[in-house]
Protein chains: 2
Amino acid sequence: MTQLDSAPATQQAVRPGRKRDHTRDPEIMTAAMDVLAEVGYERMTVDMVAARAKAGKATLYRRWPSKADLVLDAVSCMGAAKAGVLPDTGSLRGDLVALLSPRTVHDADHKLKVMLGLASVIAHSPELAESIREAFLEPRAAVTRALLQRAKERGEIAPDCDVELLSTVSSSMVISRAMLEHRPVDRAFLLSVIDGVIIPAAGTGPAR
Amino acid sequence: MTQLDSAPATQQAVRPGRKRDHTRDPEIMTAAMDVLAEVGYERMTVDMVAARAKAGKATLYRRWPSKADLVLDAVSCMGAAKAGVLPDTGSLRGDLVALLSPRTVHDADHKLKVMLGLASVIAHSPELAESIREAFLEPRAAVTRALLQRAKERGEIAPDCDVELLSTVSSSMVISRAMLEHRPVDRAFLLSVIDGVIIPAAGTGPAR
DNA sequence: CATATACGGAACCGGTTAGTTTCGGAAACG
DNA sequence: CGTTTCCGAAACTAACCGGTTCCGTATATG
């Protein structure tokens, strides 16, 4: 809570003898996310993060005013570097399945763990909830939404189906499954959601 | 810290001079659940619970060996008293909508908040996760499952639809919506899940 | 009324952790 | 080689909280 100045950016030009500014931000944030995924926000200590990043605790506090700020920043940065090209296999099911590359699934699993670790904080911080949504859920939902929309436009699915809602189904089911059943994000489950919920719910097009 | 044995909740014969045994268990557990729903497990302190129940902290520790045991016990007890009769309106949609009484919805909202408050603990305690699932999710899923099964048996929905999976859809979507968007459990949303996901995904019977 | 029991309240103890300070050392540069 | 600046490590402070102890009181029994 002690709000000292954050970063006035007083001196920027490389002064007399110096390396550079804080180049270690990425390692620190990665360490923070890892610890977060492993033990959750409340049990995560700043020392743990510092130790994992091989940094001094003071370094963290020089850069972020509090644990909460560090986490918030790390979560926000985590969403960057996405924007893959949409798959285009010709069928909605093919497109959806194409999303389930091992890489993507593994990524999602890690993000899911981070999210679960933050769950109790999320409930009290709309700001953090928004960051999480933006960084983790929204990009995925956007892809699914686009695939559904395209399928609708080419008449593959029902013209009146709720694309917005359907695009959130798989994330939702994965989240609650992970939360309550301790199951990792798993390809087989995602397939059953696609084939047992999304595809049938999307219908078979206007021609029926 | 570790969740060990639960608590037998036993009591013996009324001794010489005494009122009765711990009659205040219900108030205490209710207080615990309320605090849990409001601040989450980690920020919930035993003092808060005692204060809200107008009890001494010592009283809590006479009855439960630890904070974790209190919470576990309270969660387990919370699942009792359900077993409503299945609605029977003749149609699957009618049955599902009939579940959405204000009372039920409000109940679900409270339980949801408790669950979110426990989220980070759940991730580290399969035992607690199981209790939550059993007390909160399973009863609801069971009802939906039964309704779907009945609809399938009378040929109202596709004979090959995945009842098990579909029965978990609405809870899942409510959970993630509450978690990431701070929305309370809300009748309108549940209706859109019924009409936009569950019903269409269940299909229109073997005659198609 | 005497006694026994459990209660609410408050003080207390010990461990843990967010946040601070200090210090020796290493990099870059003149 | 000296200077400047930041870093990692570790010691330190203050607050908080789980859990314990103690005490005055209410209540029911006999």
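Note that these values count all heavy atoms, side chains included, but never hydrogens, waters or copies made by symmetry. Reminder, nothing fancy here: chain letters follow the sequence lines and each chain counts from 1.
- At the heavy-atom level, A:Met48 lies nowhere under 4.0 Å from the strands shown.
- Closest to the side chain of B:Lys57, out of C:dT20, D:dC7, D:dT20, is D:dT20.
- Regarding B:Arg62, its CZ atom lies at a distance of 12 Å from the P atom of C:dG9, rounded to whole Å.
- Rounded to whole angstrom, the span from the CG atom of B:Leu60 across to the P atom of D:dT20 amounts to 12 Å.
- Per the geometry, CG belonging to A:Leu70 stands 13 Å off C1' belonging to C:dG19, to the nearest Å.
- Proximity note for A:Arg24 (side chain, C-beta onward) versus D:dG18, D:dG8, C:dG8: the nearest is D:dG8.
- The closest side-chain heavy-atom distance from B:Leu70 to B:Val46 is not below 4.5 Å.
- Whole-Å rounding puts the A:Arg52 CZ to D:dG8 P distance at 16 Å.
- When every heavy atom of A:Thr168 is checked against every heavy atom of B:Met173, the shortest pair comes out as OG1-CE, 3.3 Å.
- In this structure, B:Thr45 does not reach the D:dC17 phosphate: none of its side-chain N or O atoms is under 4.0 Å from OP1 or OP2.
- Judged as a salt bridge (charged side-chain N to carboxylate O under 4.0 Å, His left out), the pairs with a partner in residues 89-102 of chain A (not counting sequence neighbours) are, in order, A:Arg93-A:Asp195, A:Asp95-A:Arg150.
- Cation-pi geometry between A:Arg177 and A:Phe189 is satisfied (NZ or CZ under 6.0 Å from the ring centre, within 45° of the ring normal).
- For B:Tyr61, taking side-chain heavy atoms from C-beta onward, the closest of the listed nucleotides D:dC17, D:dC7, D:dT20 is D:dT20.
- With rounding to whole Å, B:Arg63 atom CZ is found 16 Å from D:dG19 atom P.
- In this structure, A:Val46 and B:Lys54 both approach DNA chain C, and ranking their closest nucleotides by distance from the 5' end singles out B:Lys54.
- In this structure, B:Glu42 and A:Asp47 both approach DNA chain D, and ranking their closest nucleotides by distance from the 5' end singles out A:Asp47.
- Between B:Lys67 atom NZ and D:dG18 atom P there is a gap of 4 Å when expressed in whole angstrom units.
- To the nearest angstrom, C1' of D:dC16 lies 16 Å from CE of B:Met44.
- Closest to the side chain of B:Ala58, out of C:dA10, C:dT21, C:dG19, is C:dA10.
- In this structure, the CD atom of A:Glu27 is 14 Å from the C1' atom of D:dG8, given to the nearest Å.
- Taking a cutoff of 4.0 Å between a charged side-chain nitrogen and a carboxylate oxygen, B:Glu138 and B:Arg145 qualify as a salt bridge.
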